Amino acid sequence: MAIRLKGRHEYLAGGVYIETIGGPNQDARPVVLTVERGDVNRTRPVTHITDLLANPASGFPRQSFDPTRRTDIMVGSSYRDAHEVRLLLAPGEAIEIDVWSVPSATRLAREFALVESFARVLSQRSAPDQPCTDEAILAACERCMPAGPTAEIARLLRLEMDTMPNESLAFVGLGGIASPSVRALKAAGRMLHTLMTTRPLPEIAAPVRIDAVHAVNRVTRAPSLHRTESALPVNSRRFLIADLLRTPELRALRPAETEPPGEISVAAQSSTKVTLSGALDIDLAVTGAIEVKATMILPGSSNFDDPRRGRSLAQKRSGVWPTLRDLDGQVLVNAAGESRFVQAEALFGFQLASDGSMQHRPIEVTLLRADNLPLVWAGDRPLTLLDLFEEQNLGAIRISQRHSFVDGKARLMSVWINAISRTASMLSTVDRVATATDPWLESRTAMIGLTRDQLRAEPVPEDALGRASQPTPVILPSTERPAACDALAPVPVFRWSSDRNSDVSLLRKRTWQRREARIRIPLGRSWFSSGEDERLGIVLWPPEILGPMAAENENIVTIRDTEDDNTLRRIHVGRTSTSIPAFADRDLGPGGSFVSRRGGDPVRGSIGTETKTFLSPSDFVGVSFPGGPRLRSDAIEAEWVSNVAMPLQPSEGRSGRDPGHAQALPPLSVGLLLFKPRFDPIREEWYVDLGVRASKTAEPFLRLGLVRYQPNTVPELRCSNPISQWTQPLPERRVFARRHSDGTIGVTVWGQAPQRRAYQPRTWPGPSQDAMAADADRTIQAPRLRATMFLETRDLARRLHRHRLNTPPLKAEAKTLGRHATRMIWSFHFDRVDVPENSTLMLFLEEIERFVPASFSDEPLLHAVYVPAESGEPIADASVSGVDRTSPYSGDRNTLWRDAGARFTTTINLTDLAR
């Protein structure tokens with residue numbers, strides 16, 4: 001008896017040889033083959049037949065058996081005995097058992113013509129037409145079978161002939177040729193008998209083959225994938241296929257339909273093809289098919305953000321959120337009787353959190369299915385995923401399913417291998433009576449009501465056939481460059497903080513408020529133009545700037561003092577003390593106009609001239625970087641990327657330039673500060689909030705260069721074409737109110753504010769600039785603070801009433817804060833106010849500034865209205881309309897300037913301080 005593993009050609013080492021006949025007059029005893037099912041997986045491969053024996057130490061003793069038993073026939077007593085070979089198969093093992101009978105050496109030499117023919121053929125090969133001699137047989141055997149497995153035959157034949165005496169008796173065979181001697185026949189019989197105890201010889205005794213399989217519905221060992229070292233794609237554009245086959249890490253590639261021989265692209269532009277590479281660790285002896293599965297967002301769609309999805313125009317205008325309704329149109333309510341509203345995912349296609357962050361719901365998809373896997377891979381290397389996806393040298397393997405992507409967008413995938421047992425088709429359920437605890441009914445709720453019914457056998461359900469590997473994250477790179485930003489005009493947003501939730505207000509001696517201004521960049525719909533993880537980038541320069549904390553030899557840029565001068569100057573861009581008056585956008589070429597820069601307001605005076613015009617990552621507040629400290633709970637996550645090749649969109653309509661030359665503009669190397677946009681479900685738009693650190697000048701203009709950035713692709717496709725947006729950040733304001741020991745209340749407001757206007761002689765006709773500056777009203781030089789105090793009460797119907805107090809006008813005096821020329825303090829005091837019960841004392845503060853209107857009803861204006869009066873009376877021609885002849889402030893002598901909208905407003909509860 002010899003055993004081989006299914007799919008192998010070689011037998012296992014060792015064998016089973018049993019003497020079933022004790023003497024010439026005895027009948028052969030039966031041999032019972034028992035195959036048992038093992039419940040434990042093997043920890044090492046099977047190489048010897050003893051690895052399969054249930055009890056290899058006991059051998060194959062004779063024992064009684066009862067063939068009439070319906071269970072184990074080797075249990076019990078009987079007048080018959082037999083030899084038992086008991087095998088133990090682990091789950092999923094499949095073997096082939098060859099059983100054959102072996103005649104004795106004497107019978108082989110005496111009764112089998114094949115033995116005589118074997119010796120005669122050998123003799124004639126050595127000496128044709130000569131008598132058959134022992135020497136000729138041995139010489140031919142050694143010459144015909146010099147090495148390999150057949151050399152064992154020559155060795156055994158010589159050994160047998162050397163140990164047997166020579167006999168003179170000989171025979172004559174067919175054709176009159178002398179037959180081998182008796183010694184040669186006996187030696188050949190012994191040699192063949194020895195060989196047949198380890199392997200069959202069908203010409204003498206045909207073997208009987210028995211297939212034994214321990215069928216399982218799941219593979220015994222889960223497959224595995226090698227995790228990639230980094231979540232980011234490599235910077236290489238192409239790979240050699242030979243290198244990929246030697247790399248076990250899992251990678252996702254986007255090759256072109258036609259590639260150069262031996263190479264493959266990482267992300268061929270506009271390609272929608274997907275290929276995975278990496279080592280495939282599966283047990284082919286048990287696995288008949290594999291499925292490469294993945295979870296990702298929108299595997300069958302390219303519409304990550306559909307601008308057509310959302311509320312109706314009427315709902316947006318009225319501020320109504322849609323409700324859930326039944327088939328009759330009735331609004332659905334919850335257990336508390338409240339209306340049930342439509343979820344954000346049903347409206348927009350993605351899930352929303354309270355902070356505006358979003359997430360698409362991942363979907364499971366089968367990327368590829370390979371059937372008819374061989375038991376043994378015949379290649380010179382292990383089977384890889386690249387072989388399956390590229391369908392190279394697969395032999396009998398059949399690719400029965402493949403997913404096709406409709407776009408080249410990036411996706412973050414979680415990939416795993418589902419291995420399907422090759423013996424799963426052998427299993428099925430049994431005919432049975434359904435019960436409430438039937439495990440095959442629990443997963444199918446529709447059949448739970450069939451308890452106590454007769455159920456026929458059926459195939460094993462699909463979900464009980466596979467065994468999956470651990471999911472491995474991998475990035476599917478994008479093959480499309482992000483579209484240019486659809487950014488709208490930036491708007492201010494505010495973050496308020498106060499002592500309302502602290503224990504300071506319990507002392508009833510002081511209170512405070514703080515307003516921090518942010519810049520909100522609204523973005524249009526249809527985000528994710530290049531796929532998942534697309535970000536908004538703020539364009540900064542130099543490309544490797546590190547901020548004011550950089551070392552002495554970093555953040556240094558070499559520029560020319562003037563455009564026509566060849567003198568070079570080294571400047572520290574990251575320092576606030578650096579002055580770059582000669583640096584213009586054109587010094588950076590066509591991309592210079594898209595670099596984020598900061599400059600002073602031209603209508604303001606020269607106090608506090610801006611010197612740090614370039615921005616660095618440290619100029620943005622309220623952000624946290626990966627691996628860095630999170631200073632605030634509401635900090636926005638950002639990421640800094642240096643040396644990004646920013647493409648430049650060629651300008652249209654340039655005279656003297658052909659389109660081919662315009663498209664050849666080289667990219668500009670910049671640094672990008674990246675943010676993940678959030679979604680506003682009310683305005684139905686994406687946005688990014690930025691906090692910019694205050695500069696030396698008050699209310700500077702800020703030009704923001706904006707791009708979309710896709711990190712999950714090759715470097716040349718990561719950055720979009722840039723755009724620019726202008727904004728003017730509002731300064732921070734802090735308000736402190738304190739009750740003094742004499743009962744008076746003091747209020748202080750401080751923050752950055754401009755202190756003077758810039759007067760240009762060409763703009764102002766009439767007297768010289770110096771004379772006008774000396775006589776100009778101080779109310780137009782800097783913002784003013786106006787305060788209003790009132791009492792709030794509620795009537796029995798809970799309606800709110802406000803009563804303005806008859807208190808003298810409250811004026812604020814502005815002071816500079818030391819060397820900070822743009823920081824000012826407004827402070828004022830007022831006497832204690834009696835606050836009745838059930839009333840609240842409120843103080844309303846508003847910061848205003850005066851400007852000249854953009855237009856008048858009668859134009860042009862006379863010269864007189866521009867000139868401030870020498871006395872308190874206004875000077876203006878009576879025929880000029882649209883000019884105020886009164887002023888809301890005492891001492892205001894200008895007749896042209898008007899109050900603009902409030903730049904800062906707040907209401908402070910002073911009830912605790914007044915009582």
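Sequence positions, counted from 1, serve as the residue numbers for this chain. Note that these values count all heavy atoms, side chains included, but never hydrogens, waters or copies made by symmetry. None of the values given here were measured: they were computed from a predicted structure.
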Report task. Would you check if the side chain of Ser469 reaches a backbone N or O of Ala222 as a donor-acceptor pair within less than 3.5 Å? Result -> no
Requested in this report: Look at the rings of Phe304 and His360 and say which category their plane angle falls in: under 30° parallel, 30 to 60° tilted, over 60° perpendicular.
Outcome: perpendicular
Requested in this report: Compute whether any side-chain donor of one residue and acceptor of the other, for Ser428 and Glu458, lie under 3.5 angstrom apart.
Outcome: no
**Report entry** Salt bridge flag under 4.0 Å for residues Arg456 and Asp431
**Finding:** no
Query raised in the report: Is the shortest distance from a Lys or Arg side-chain nitrogen in Glu391 or Arg398 to a carboxylate oxygen in the other one below 4.0 Å?
Result: no
Query raised in the report: So, do Thr47 and Leu12 sit near enough that their side-chain heavy atoms are less than 4.5 Å apart?
Result: no
Query raised in the report: Are Ile18 and Met1 close enough that some pair of their side-chain heavy atoms sits under 4.5 Å apart?
Result: no
Report task. Decide, yes or no, whether a salt bridge links Arg221 with Asp281 under the criterion of side-chain N to carboxylate O below 4.0 Å. Result -> yes
Requested in this report: Determine, stepwise, if the pair Glu259 / Ser265 fulfils side-chain hydrogen bond (donor to acceptor under 3.5 Å, both in side chains).
Outcome: CA-CA 8 Å; Glu259 293 279 353; Ser265 299; 2.9 Å; yes
Requested in this report: Find the distance between CG (Leu52) and CD1 (Ile3) and round it off to the nearest 0.5 Å.
Outcome: 5.5 Å
Query raised in the report: Given the rule in the side chain to side chain contact (heavy atoms under 4.5 Å, CB included) test, do Val16 and Phe60 qualify, once you have shown the distances and angles that lead to the verdict?
Result: CA-CA 9 Å; Val16 177; Phe60 315 106; 3.7 Å; yes
Report task. Could you verify whether a donor N or O on one side chain and an acceptor N or O on the other, from Ser270 and Glu480, lie under 3.5 Å apart? Result -> no
**Report entry** Atom pair CG (Leu192) and CG (Leu114), whose distance is rounded to the nearest 0.5 Å
**Finding:** 7.0 Å
Query raised in the report: Okay, side chain of Thr713, backbone of Ser478: is any donor-acceptor separation there less than 3.5 Å?
Result: yes
Report task. Just do the side chain to side chain contact (heavy atoms under 4.5 Å, CB included) check on Thr34 and Val85 with the steps written out, would you? Result -> CA-CA 6 Å; Thr34 303; Val85 178; over 6 Å; no
**Report entry** Closest non-hydrogen atom pair, Val415 against Leu225
**Finding:** O-CD1, 4.0 Å
**Report entry** pair Pro374-Ile397: side-chain heavy atoms closer than 4.5 Å
**Finding:** yes
Query raised in the report: Is Thr287 reaching over with its side chain to a backbone N or O of Leu284, donor-acceptor style, under 3.5 angstrom?
Result: no
Query raised in the report: Taking atom OH of Tyr17 and atom NE2 of His193, what is their separation to the nearest 0.5 Å?
Result: 3.5 Å
Report task. Any chance you could measure Phe118, atom CZ, to Ile204, atom CD1, to the nearest 0.5 Å? Result -> 10.0 Å
Query raised in the report: So, the side chain of Glu534 versus the backbone of Ser530: is there a donor-acceptor pair under 3.5 Å, distance only?
Result: yes
Report summary line: Nearest heavy-atom approach of Pro255 to Ile264 is CB-CG1, 3.5 Å
Query raised in the report: Given Leu276 and Arg251, is the side chain to side chain contact (heavy atoms under 4.5 Å, CB included) satisfied, shown in steps?
Result: CA-CA 6 Å; Leu276 298 185; Arg251 297 189 187 277; over 6 Å; no
Report task. Give a yes or no answer on whether the side chain of Glu116 reaches the backbone of Ala113 with a donor-acceptor pair at less than 3.5 Å. Result -> no
**Report entry** Note, Met296 side chain near Leu367 side chain (heavy atom, < 4.5 Å)
**Finding:** yes
Query raised in the report: Stepwise, does the salt bridge (charged side-chain N to carboxylate O under 4.0 Å, His left out) test hold for Asp51 with Arg42?
Result: CA-CA 10 Å; Asp51 297 334; Arg42 298 192 188 276; over 6 Å; no
**Report entry** Approximate separation, where rounding is to 0.5 Å, of Leu250 CG and Trp416 CH2
**Finding:** 13.0 Å
Query raised in the report: Sub-3.5 Å donor-acceptor pair from the side chain of Asp98 to the main-chain atoms of Pro207, do we have one?
Result: no
Report task. For the residue pair Asn712 and Leu476, establish whether any side-chain heavy-atom pair is separated by less than 4.5 Å. Result -> no
**Report entry** Beyond-backbone contact of Val219 with Ile282, side-chain heavy atoms, under 4.5 angstrom
**Finding:** no
Query raised in the report: Within a radius of less than 6.0 Å around CG of Asn393, do more than 12 heavy atoms belonging to other residues, nucleotides or ligands occur?
Result: no
Query raised in the report: Do Asp371 and Ser400 meet the criterion of a side-chain donor-acceptor pair at a distance under 3.5 Å?
Result: yes
Query raised in the report: Backbone N or O of Thr384 within a donor-acceptor pair of the Asp387 side chain at under 3.5 Å?
Result: yes
Query - Carboxylate-amine/guanidinium proximity below 4.0 Å for Arg29 and Glu19 - result: no
Query - Shortest non-hydrogen contact from Met196 toward Trp100 - result: O-NE1, 2.7 Å
Query raised in the report: So, Arg411 and Glu532, do they make that salt bridge, N to O below 4.0 Å?
Result: no
Query raised in the report: Is there a donor-acceptor contact under 3.5 Å from the side chain of Glu93 to the main chain of Ala90?
Result: yes
Query raised in the report: Do you see a donor-acceptor pair shorter than 3.5 Å between the side chains of Thr275 and Glu390?
Result: yes
Query raised in the report: Quick one: does Thr198's side chain have a donor or acceptor within less than 3.5 Å of a partner on Leu195's backbone?
Result: yes
Query raised in the report: Any side-chain donor paired with an acceptor under 3.5 Å for Arg4 and His9?
Result: no
Query raised in the report: Yes or no on side chain to side chain contact (heavy atoms under 4.5 Å, CB included) for Leu87 and Ile95, after CA distance, side-chain angles and deciding distance?
Result: CA-CA 10 Å; Leu87 303 178; Ile95 60 175; 4.0 Å; yes
Report task. Locate the shortest heavy-atom distance separating Val365 from His403; write the atom from each residue and the value. Result -> CG2-ND1, 3.5 Å
Report task. Using a strict 4.0 Å threshold on nitrogen-to-oxygen distance, state whether Arg8 and Glu10 make a salt bridge. Result -> no
Query raised in the report: Does a side-chain N-to-carboxylate-O contact under 4.0 Å join Arg86 and Asp72?
Result: yes
**Report entry** Donor-acceptor pair, side chain of Thr423 and main chain of Val216, under 3.5 angstrom
**Finding:** yes
Requested in this report: Classify the side-chain pair Gln470/Ser224 by whether it contains a donor and acceptor separated by less than 3.5 Å.
Outcome: no
Query raised in the report: Tell me, do Asn41 and Pro91 make a side-chain contact under 4.5 Å, heavy atoms counted?
Result: yes
Requested in this report: State, to 0.1 Å, how close Pro477 and Ala267 come at their nearest heavy-atom pair, and which atoms those are.
Outcome: CB-CB, 4.2 Å
Requested in this report: Would you kindly say whether Lys293 and Thr366 are connected by a side-chain donor-acceptor distance under 3.5 Å?
Outcome: yes
Query - Pair Arg361 + Glu345: basic N to acidic O under 4.0 Å - result: yes
Query raised in the report: Does the cation-pi check pass for Arg254 over Phe405, that is, NZ or CZ under 6.0 Å from the six-membered ring centre and within 45° of its axis?
Result: yes
Query raised in the report: Are any of the side-chain heavy atoms of Ile290 and Leu373 separated by less than 4.5 Å?
Result: yes
Report summary line: Correct closest heavy-atom pair for Pro482 and Ser529 would be CA-OG, 3.6 Å
Requested in this report: To the nearest 0.5 angstrom, please state how far the CE atom of Met74 sits from the NE2 atom of His83.
Outcome: 10.0 Å
